[in-house]
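So the structure is just underneath, and the comments pick up after that.
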Amino acid sequence: MSLYARIAQKIERNLAEAAAKAKTQGELDFGELPSFVLEEPRERQHGDLATNLGMVLAKQAKRSPREVAEILIRHLETDNTWIESSEIAGPGFINFRLNPRWLSAVIPEVLREGQAYGRVNLGQGKKVQVEFVSANPTGLLHMGNARGAALGDSLASLLQMAGYEVSREFYINDAGNQIHNFALSLEARYLQLLGQDAPIPEGGYHGEDLLDTVQGLMDRDGDKYLNMDAGLRQEFLVRYALAEKMGQIRETLKDFGVEYDVWFSEQSLHDSGFVRSTMEDMEKKGYIYEKEGALWLKSTLFGDEKDEVVVRSNGIPTYFAADIAYHRNKFERGFDQVINIWGADHHGHVARMKGAMAALGIDPDRLQIILMQLVRLIQNGEVVRMSKRSGQYITLRELMDEVGKDAARFTFILRDPDSAVEFDLDLAKSQSADNPVYYIQYAHARLCSILRQAGDTEAEAEIPAERELELLLDSQEERALLKKMADFPDEISLAARLLEPHRLARYVLDLAGLFHTFYNSHRVLVEEEGLRRARLALIRSTRQVIANVLGILGVSAPERM
RNA sequence: GCGCUCGUGGCUCAGCUGGAUAGAGCGUCUGACUACGAAUCAGAAGGUCGGGGGUUCGAAUCCCUCCGAGCGCACCA
């Protein structure tokens with residue numbers, strides 16, 4: 001919890017006590033104390049903290065909100081709260097002004113904790129798994145995967161910062177129908193390279209990258225699969241291609257700053273019989289029935305729109321069946337919470353997946369699914385329909401080459417996953433310097449530059465005493481900067497609770513802005529020794545917090561640029 | 001047709017699960033480098049929060065309805 005939150009908590013308790021005291025003394029009449037908020041008002045002039053307690057109590061107490069507020073203030077204990085003044089405002093808010101000296105504790109706290117500043121214990125060591133990207137290994141990673149990668153990775157880092165034990169996982173869809181189509185497509189490409197007229201089958205993959213893949217195999221083994229039995233040939237091709245594609249995916253994600261703890265194979269669930277046994281278990285519980293030769297899950301019992309097929313009439317389990325087994329497996333591995341990041345085109349699967357968990361006796365609330373709207377690509381002013389099957393898409397690799405890892409990641413993280421983003425590639429290229437990420441990185445580089453100017457020894461100097469800081473850093477710009485830094489642990493808590501890393505992107509943007517404003521109105525390297533030391537400590541703290549946030553977002557914090 | 005999600009200045013988006021006068025960036029306009037990085041800063045213009053009802057002290061936020069957009073509604077994944 002942040003310094004600020006601790007102060008607010010104390011005042012909140014005192015407010016509740018004030019109400020209770022007023023009640024015992026017969027000044028206020030009410031039953032249960034209603035829930036009220038004590039929060040930072042948007043408007044500066046409304047003080048540092050404001051509460052609506054007077055308003056929420058007014059009805060029960062049968063007095064005007066302002067009267068109630070007046071009574072509350074009279075009974076409020078303000079010792080050890082930093083409260084400097086309280087006033088009634090507007091329809092009945094009580095506004096508190098704090099003595100700004102509380103801010104003097106921020107710098108020592110930031111510098112003492114360093115990289116760990118911002119860490120909170122919301123998670124209390126609970127195990128959380130974040131599964132993201134999980135792209136089909138039938139092609140290259142595209143823009144939508146890029147968004148998922150940026151979001152999932154920073155969410156995972158955020159949760160770590162919030163005290164969870166986090167595991168990043170990639171689910172490899174290396175089984176099922178699509179792999180069959182993949183095999184047929186590979187085979188067609190292979191035969192094409194050998195001069196045959198082999199069309200890519202319906203439902204196949206038209207991506208040009210498959211030509212390269214097949215060429216790689218050709219370079220190694222020549223035409224040795226040409227006269228082989230088709231089934232066997234397809235198997236060789238797929239095995240080779242899967243390994244190659246997964247290697248590329250791994251490599252690309254790594255370059256994008258994402259490293260997974262676990263790569264989980266769908267095929268392994270079939271091989272071990274776990275898919276089958278999971279279906280049997282659900283059948284025993286009576287959630288499965290047979291119709292028209294297929295096995296159906298009664299997912300409508302759990303809020304799904306219709307029942308779903310889990311085993312086709314040909315005896316082959318569906319993707320859904322494997323996915324159920326997979327999620328069951330996750331929980332059996334001991335995760336308290338499981339978070340999936342899915343494209344919004346899969347929203348219809350949420351209810352049935354949660355339903356399947358319920359059918360297995362797993363609390364569906366332990367599975368959280370973040371839906372991410374798709375990225376629409378604009379090129380030459382037109383929407384480019386991206387599709388892996390058609391082979392028409394911009395790859396993550398190209399994106400990194402064009403706009404850079406930092407800018408690409410930040411662009412995605414800045415936005416709420418629920419908003420459909422339009423990505424104009426031409427614009428992204430031409431305006432790359434306008435990406436807000438540079439605004440933040442520039443602030444960081446500037447901070448480093450000041451510290452360089454000051455000389456390493458001085459920059460490493462011991463932290464000035466709080467009393468000294470509170471007397472010296474008293475300008476509006478300095479206080480705003482300190483306050484923002486003081487908020488950081490709370491921002492982590494909130495963002496982690498809501499699973500919204502984009503809040504941190506907004507936060508660091510604000511922080512960088514406050515620094516730039518400070519920089520333009522005050523000089524750090526002044527003659528006066530005490531002030532100079534105090535401001536250098538402020539600079540070091542700011543640099544630290546910016547670096548911490550960028551670290552979570554997977555964006556580099558350059559010392560020069 | 002049914003369901004999910006989303007409609008916020010010209011453009012791209014925030015808005016802390018109901019708070020006071022709705023905020024940034026880009027673009028436009030006016031200013032600031034003979035001191036630590038001008039990739040910066042200060043200021044201005046620009047809004048019926050898609051429309052209409054409702055809930056209450058109070059709504060961009062919650063409910064209903066209509067309009068518009070995206071995505072789903074396979075024995076595909």
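If you're wondering where the values come from, they're calculated on a predicted model, not measured in any experiment. A, B, ... follow the sequence lines: proteins, then strands. Residue 1 opens every chain.
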With pairs defined as Watson-Crick or G-U wobble and both distances under 3.5 angstrom, please note down RNA chain B as a dot-bracket string, | for pairing with another strand. (((((((..((((.....[...)))).(((((.......))))).....(((((..]....))))))))))))....
Is a donor-acceptor pair below 3.5 Å formed from side chain A/Thr318 to base B/C75, judging by atom type as modelled? no
Are A/Glu477 and A/Arg479 ion-paired here, with the side-chain N under 4.0 Å from a carboxylate O? no
For A/Tyr439, report the nucleic acid contact type (base, sugar-phosphate, nothing); a contact means any heavy atom under 4.0 Å. sugar-phosphate
Please confirm whether the shortest side-chain N or O distance from A/Tyr438 to OP1 or OP2 of B/A39 is below 4.0 Å. no
What about A/His516, does its side chain sit under 3.5 Å from the base of B/A39 through a donor-acceptor pair? no
According to the interplanar angle, ranging from 0 to 90°, do the rings of A/Tyr289 and A/Trp296 count as parallel (below 30°), tilted (30 to 60°) or perpendicular (above 60°)? parallel
Please tell me whether A/Asn435 and A/Thr411 have a donor and an acceptor in their side chains that are separated by less than 3.5 angstrom. yes
Taking O4'-C1'-N9-C4 for purines and O4'-C1'-N1-C2 for pyrimidines, is B/C33 syn (within 90° of 0) or anti? syn
Just call it for A/Glu290: base, sugar-phosphate, or nothing, with non-hydrogen atoms closer than 4.0 Å on any strand. nothing
Given 3.5 Å as the limit, does a donor-acceptor pair link the side chain of A/Asn145 with the main chain of A/Val133, or not? no
Under-4.0 Å side-chain N/O to phosphate OP1/OP2 contact, A/Gln453 with B/A35: no
Electrostatic pair A/Lys330:A/Glu131 at N-O distance under 4.0 angstrom: yes
Looking at A/Glu528, I want to see if its CD is surrounded by more than 12 non-hydrogen atoms of other residues, nucleotides or ligands under 6.0 Å. yes
If you look at every strand shown and take non-hydrogen atoms under 4.0 Å, does A/Asp416 touch a base, only sugar-phosphate, or nothing? sugar-phosphate
With a non-hydrogen cut-off below 4.0 angstrom, is A/Ala351 in contact with a base, only sugar-phosphate, or nothing? nothing
